[in-house]
Structures are given as structure tokens and as C-alpha cells.
Amino acid sequence: MTHASKASKWVTFAVLLAGSVIMILPFFWMVSSAFKPVGEVYQFPPSWLPKNPTLDNFQEMFRRIPFWRYFGNSLLVTSCQTIATVLLASLAGYGFAKYRFWGRDGIFMMILATMMIPFPVTIISLFLMAQKAGLTNNYAGLILVGVCSAFGVFMMRQFIVSLPDALMEAARMDGATEFRIYLQIILPLIRPALATLTIFTFMGAWNAFIWPLLIINQDSLRTLPLGIATFSSQYYDAYHLQMAASTLTIIPEITIFLLLQKQFIKGLALGSLKG
Amino acid sequence: MYQTGAARARPAPRRSLLDSFGGPKVAPFIFIAPAVFFFLAVTIVPALMGFPLSFSRWNLLGAKAFIGLDNFREILTDPMFWKTLRNTGVYTLVGVPIEVALALGVALLLNRDDLPLKNLFRTVYFLPVITSTVAAVFIWEWLYHPNFGLFNYVLGKVGIDPLPWLTHPKTAMMSMIIYVVWKGLGYRTVIFLAGLQGIPKETQEAAVVDGANTWQRFWHVTLPLLRATTFLNVLTATIGSLMDFSVSYLMVGPLDSTTLVVKYIYETAFKTLRMGYASAMAMVLFAIVMLITFIQWKARKELTYD
């Protein structure tokens with residue numbers, strides 16, 4: 001390696017390091033503030049690390065809002081949506097990938113096209129439909145709008161298309177039904193793609209904000225993002241409490257991401273480039 | 001499991017659920033049906049319904065009244081619509097280039113095999129992307145606090161006067177843009193990285209052999225080969241920016257300095273209950289987005305044939 005490229009390597013490293021500090025700083029500040037007693041939070045000049053770390057902010061936050069209720073709601077809604085999406089998307093993806101039928105490509109294009117329809121166009125009518133159908137202020141209304149995704153269908157089809165047709169032919173000749181082929185041959189073979197879609201869908205559904213905002217005004221049904229947003233508008237100057245709430249929201253997200261990041265980033269890049 | 005060999009005759013019909021999916025002719029329709037039904041119900045039908053709604057007046061009570069183009073006429077003279085549209089324009093025209101350019105820079109820096117902690121860096125830059133918008137906005141509002149916020153403290157340390165950030169109409173938009181760039185940078189970077197990895201090493205090496213320096217290699221070799229990726233990033237960032245709701249709803253600046261179009265549409269529909277008018281505005285926004293998408297698409301086609 002030449003002298004010049006060795007130097008450039010370390011310059012690159014330094015620049016990226018500086019940038020990393022900027023990217024992480026907000027999270028560091030969040031955690032630091034969350035563990036500071038109130039008095040220390042509102043002091044200027046601020047301290048970088050808590051001088052007297054305390055759990056008071058968390059305890060007060062738990063007293064004021066049903067944090068775990070919101071968390072549980074999010075968990076329920078997100079899990080249902082994720083399981084449903086993976087199921088529906090893989091079924092549909094298989095149908096589009098390995099069968100020939102009238103209208104196949106047209107219908108597939110139509111599904112892809114829905115990715116281009118921006119939600120402000122649909123949200124008003126969707127809300128009205130939900131109201132008429134009695135799907136406001138309940139879990140069903142929260143869950144049903146997220147039980148599939150066009151990106152998911154697209155991604156599943158791309159993966160399944162590359163599987164050899166011979167596998168299905170052989171299974172058919174042995175008397176397997178179509179659904180069995182899906183269940184026992186296709187699904188095991190696309191496990192990595194299923195994992196990626198699961199992570200993706202889970203992350204997206206967990207952070208969903210506008211739909212819960214529209215259809216929920218009963219506090220016991222609020223999902224986590226909505227719950228803490230509502231909470232912040234009531235306690236808008238209580239930054240010490242907001243930092244506690246944010247910490248409990250973000251730390252799990254970051255932890256799960258760190259554990260699954262390889263698949264997450266791989267799937268993201270793959271899906272976007274093939275699009 | 002399956003019958004094989006001599007027993008190739010069709011097995012006797014079983015009444016289990018697994019059998020009720022028909023043969024290869026019928027099964028695909030059953031497989032795609034749930035998904036198709038979902039998209040019809042949740043996206044296509046509402047989108048189609050929004051169209052006639054934009055020609056009506058309706059406040060959820062009583063009957064819908066067909067009023068022709070009145071909503072659209074009103075949009076033309078609605079100062080709030082134009083203000084939020086201008087805000088959205090600034091937000092997009094400033095935020096998107098900054099985000100995409102920075103992401104390209106970071107991706108280029110990261111795209112070295114000899115870089116220590118390369119994967120750690122990529123993870124760190126991506127962390128803001130996966131965090132909840134609500135929590136992230138909380139943190140930044142706190143960082144931006146004019147009296148106790150960390151940013152003004154750091155500015156003071158380097159001798160710069162404190163800024164009002166989100167509390168002043170002139171600085172609120174810029175503050176929002178800085179936040180959004182931080183939040184989305186990692187996502188764009190990962191896309192660029194994937195694109196960069198599609199450029200074969202030999203192409204770069206050939207350029208070096210031909211005597212090209214780093215800048216020339218970047219401008220004449222890397223950048224043209226990254227066209228598809230750049231286009232993708234610019235397009236998705238633009239659409240996302242034009243459509244933004246959450247950030248505008250949560251990060252409120254004084255005098256509507258951070259209010260974007262979608263937030264105004266939301267308030268018109270769900271606070272003042274003017275369903276028809278809000279639908280009309282949504283249609284206009286949709287048309288603008290389609291137009292910009294078309295323009296970018298055309299521009300890409302032009303640039304590809306040089």
C-alpha cells in the first residue's frame with residue numbers, strides 16, 4: 001500500500017469518526033438527560049453526564065402516562081400486522097412468481113403502482129370508510145390498514161422467481177397440493193427474505209403515526225408513538241419526562257436493530273435497487 | 001409424505017384444508033386474492049373515492065353537496081395553502097440536495113475495503129433512521145432549546161451567539177431541515193453504498209492506470225455509473241419530503257413557519273371538517289408530485305444518453 005493511500009485511509013477514518021459523533025450525540029444526550037434529576041436537567045451550562053443519576057424521571061413518567069399500556073398496544077398491533085404481511089405477501093409473491101394466469105402482469109403492476117399513491121390522497125376517504133364500518137377506536141381498525149405491503153409483495157416475488165421450477169413440478173408429480181408446495185417447499189427456501197421482510201415490516205409498523213392519530217382518541221388504545229406524542233402536548237415543557245419516554249422507546253429499537261442489522265440493511269439495499 | 005414411484009395415481013381426495021386450493025389453474029387466484037383485496041380496499045378504492053370528494057362540500061354531517069370546481073378556485077386564493085406549499089418547496093429544495101450530497105460523501109468514504117470499523121460506522125450512521133420519529137423529534141426539540149439546549153451551549157463555547165432555532169420563524173425551517181437530514185442520511189448512504197458496490201473494481205483500476213486522479217475518477221467514472229442510484233435517492237427523497245406529515249405535525253414552529261402542505265390538509269379535513277376542500281388540496285398535491293416525478297424521470301432519460 002502506498003504512503004499516500006495509508007494517509008488517506010486515516011483521514012477518511014477521522015472524518016467518519018467526527019460524523020459519527022454528530023450522529024450519535026442526540027442519543028447520548030437523550031440518555032444523559034433521562035437520568036438527571038430535574039434540577040440538573042434545567043441548568044445552564046449543562047452537564048455532559050449526570051452528576052447524580054436517578055430514576056426519578058422514569059418513575060414520574062410511569063405515574064403520569066400508561067406507558068406499558070401504549071407499549072403493549074403497539075406490540076399487539078405491530079405483531080399482527082407483521083405476521084399478516086409476511087403471510088399475504090409471500091402467498092401473493094408466490095402466485096405472481098410461479099404461475100401463469102390471465103391478468104397476472106397487469107395486476108402485479110397495479111400493486112406496484114399503489115406504492116406511488118401518496119397517503120394524503122387516500123387517508124381522508126380511508127378514514128371515512130373506517131368510520132362507516134365501525135373501525136374507529138378499536139384494534140381491528142388499527143391493524144387492518146397494515147396487513148400487507150406492496151413492497152413486501154414485490155420483494156417476495158423477486159425472491160421466489162429465482163427458485164427452480166423443477167422443484168414444484170417434482171412435488172406436483174408426487175401428488176402434493178399447491179398449498180403444500182407453498183408451505184413445505186417455497187417457504188423454507190426463502191427464509192432469509194422472510195426474515196428481512198419481517199424486520200422491515202415490524203420497524204415500519206411500530207413507528208406508524210398518522211393512522212393511529214386519526215382513528216384513536218381513547219387513551220387505552222393508543223399505540224406508543226401516539227401515546228407519547230399526546231403526552232408531550234400535555235407536558236410540553238417537561239423535557240426530563242420526554243427524555244425518559246424517548247429512552248424507553250428508542251433503546252429497544254436500537255437493540256433489536258443491532259441484533260438484526262445485517263439482514264435489515266441487505267434487504268433494504270436489495271429491494272431498493274431492484275425497484 | 002408424498003407418494004412416489006409406482007403409486008403415481010392421484011391420491012384419493014382428502015377433505016383437508018390443504019386440499020381446497022385447487023390445482024395449478026385455480027390456486028394462483030386464491031394465493032393473490034387476499035393481497036389484491038387488501039390493496040383495493042386500502043389504497044385503490046380510497047384514492048378513487050377521493051376524486052369525486054374533491055368536487056364536493058361535506059363536513060361529515062348532512063349531505064354532500066356537489067360544487068364543481070369551487071374547491072379548486074378557493075385553493076388558488078387560499079393564502080395558507082400557498083404558504084404551506086412554499087414551506088414544502090423550501091423544505092424539499094434545500095433538504096433533499098443536502099441529504100443526498102452528504103449521503104454520497106459518506107458512502108464514498110465508507111466504500112473502502114481497508115477502512116477499520118467500516119461496519120460499525122455504517123451502523124452508526126443508520127441508527128437515526130430506525131428510531132421512532134416521535135422520540136427523535138423530542139430529542140431535537142430539547143437540543144434546540146434556546147436556554148438549556150445543548151446546541152446553544154456548544155455554539156457559545158466556540159464564540160457564536162445562541163440561536164432561537166425552533167422558536168423563531170426565520171430559523172425554524174432550517175432547524176427542521178437539519179433534523180430531517182440527520183434522520184434520513186443513513187438510509188440514503190446505504191442505498192449509495194449498494195450502488196457503489198455494483199461498480200466493478202476493474203473499472204476504477206483501469207482509470208488509475210490511465211493516470212486519472214481521485215477527483216477525475218469520481219467525476220468521470222464513479223458518478224456516471226452511480227446515475228441510477230442517485231436518481232433513485234433523489235426521487236424517493238423528493239417524494240418523501242413533499243409528502244411529509246409527521247415531522248411537520250410534531251416539530252411546530254411559530255407562525256406556521258414549519259407547517260407543510262400535508263399537515264394543512266390534515267387540519268382542514270380533521271379539525272375544520274372540510275372534507276371536500278381537503279380532498280381537493282390532496283389532489284393538487286398529488287398532481288404536483290406526479291409532475292415532479294415525471295420531470296425527474298425525463299431528466300434522467302436525457303442525462304443517460306450522453
Side-chain angles (χ1 to χ4, degrees), chain A residues 9 12-13 15-16 19-20 23-24 26 29-30 42 44-46 88 91-92 94-96 99 101 107 111 114 117-118 120-122 124-126 129 145 147-148 153 174-180 203 207 209-210 225 228-229 232 239 242-243 246 249-250 253-254 257 261 265 268-269 272-273, chain B residues 2-4 11 18-19 21 24 27-28 31-32 34-36 38-39 42-44 46-47 49-50 53 106 109 112 114-116 121 123-125 127-128 130-135 138-140 142-143 147-148 150 153 190-191 194 232 243 245-246 250 262 265 269 275 278-279 282 285-286 289:
Chain A
K9 173 172 87 167
T12 304
F13 184 82
V15 170
L16 283 174
S20 302
M23 296 307 266
I24 300 271
W29 191 240
M30 165 190 79
Y42 295 96
F44 197 84
L88 263 60
L91 265 174
Y94 175 47
F96 287 118
Y99 291 90
F101 53 91
I107 299 177
I111 293 183
T114 66
I117 300 180
V121 171
T122 58
I124 296 173
S125 302
L126 199 55
M129 282 164 64
V145 294
V147 296
C148 194
V153 173
D174 288 347
T177 61
E178 300 305 310
F179 188 70
R180 235 190 241 278
M203 291 287 191
N207 290 331
F209 182 69
I210 186 170
I228 62 179
S232 95
Y239 291 106
Q242 288 182 9
M243 289 305 107
S246 300
T249 307
I250 288 187
E253 288 181 317
I254 291 186
F257 172 68
Q261 54 172 302
I265 295 191
L268 189 132
S272 305
L273 282 186
Chain B
Y2 310 123
Q3 297 176 331
T4 56
L18 294 180
D19 270 305
F21 277 81
F31 288 162
I32 68 171
V36 171
F38 168 80
F39 291 114
V42 169
T43 311
I44 297 180
M49 275 173 64
L53 193 56
V106 172
L109 290 175
R112 310 174 55 126
D114 58 345
L115 187 69
F121 278 132
T123 302
V124 163
Y125 280 88
L127 277 180
I130 53 114
T131 55
S132 157
T133 301
V134 179
F138 280 2
I139 301 175
W140 279 74
W142 179 225
L143 288 169
N147 301 328
F148 301 111
L150 186 66
Y153 170 65
V190 164
I191 307 280
L232 178 72
M243 292 288 159
F245 172 74
S246 305
L250 294 166
V262 180
I265 294 177
M275 296 288 158
S279 284
L285 179 63
F286 183 39
V289 169

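Note on naming: letters A, B, ... go to the chains in the order of the sequence lines (proteins, then strands), and numbering restarts at 1 for each one.
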As an exercise, state the distance from [atom1] of [X] to [atom2] of [Y], rounded to the nearest 0.5 Å.
X        : Y        : atom1 : atom2 : value
A:Met203 : B:Ile130 : CE    : CD1   : 4.5 Å
B:Ile139 : A:Met30  : CD1   : CE    : 4.5 Å
A:Ile228 : B:Leu250 : CD1   : CG    : 9.5 Å
B:Met49  : A:Ile124 : CE    : CD1   : 11.0 Å
A:Ile117 : B:Thr43  : CD1   : OG1   : 6.0 Å
A:Ile111 : B:Phe39  : CD1   : CZ    : 5.0 Å

Taking side chain as C-beta onward, heavy atoms only, is A:Leu126 less than 4.5 Å from B:Val42? yes
Any non-hydrogen side-chain atom of B:Thr133 less than 4.5 Å from a side-chain atom of A:Pro225? no
Could you tell me which non-hydrogen atom of [X] sits nearest to which non-hydrogen atom of [Y], and how far apart they are?
X        : Y        : answer
A:Phe44  : B:Asn147 : CD1-O, 2.9 Å
B:Pro28  : A:Gly95  : CB-O, 4.5 Å
A:Ser125 : B:Pro46  : OG-O, 3.2 Å
A:Tyr99  : B:Ala27  : OH-CB, 4.2 Å
A:Leu88  : B:Pro34  : CG-CB, 3.7 Å

Side chain from CB out, backbone as N, CA, C, O: work out which of these in [X] comes under 4.5 Å of a heavy atom of chain B, or both, or neither.
X        : answer
A:Thr249 : side chain
A:Val147 : both
A:Ile250 : side chain
A:Ile107 : side chain
A:Phe209 : side chain

Residue part contacting chain A, namely of [X], when any heavy atom lies under 4.5 Å:
X        : value
B:Val262 : side chain
B:Phe38  : side chain
B:Leu109 : both
B:Ala269 : side chain

Under the ring-ring contact (aromatic ring centres under 6.0 Å, His included) test, which residues partner A:Phe257, sequence neighbours left out? A:Phe264, B:Phe126
Taken in chain and number order and not counting sequence neighbours, the residues that satisfy ring-ring contact (aromatic ring centres under 6.0 Å, His included) with A:Phe96 are A:Phe108
Please rank B:Ile44, B:Thr123, B:Ile265 by heavy-atom pairs under 4.5 Å with chain A and give me the top one. B:Thr123
Determine, step by step, whether B:Leu127 and A:Met23 satisfy the side-chain contact (heavy atoms from CB on, under 4.5 Å) criterion, reporting the C-alpha distance in whole Å, the side-chain angles of both residues, the deciding distance to 0.1 Å, and the verdict. CA-CA 8 Å; B:Leu127 277 180; A:Met23 296 307 266; over 6 Å; no
Taking the six-membered ring for Trp and the full ring for Phe, Tyr or His, determine whether the centres of A:Tyr42 and B:Phe148 are under 6.0 Å apart. yes
Has B:Tyr125 got a side-chain atom pairing as donor or acceptor with A:Ser20's backbone, closer than 3.5 angstrom? yes
Is the A:Tyr94 ring parallel, tilted or perpendicular to the B:Phe31 ring (thresholds 30°, 60°)? tilted
Classify the angle between the aromatic ring planes of B:Trp142 and A:Tyr239 as parallel (below 30°), tilted (30 to 60°) or perpendicular (above 60°). parallel
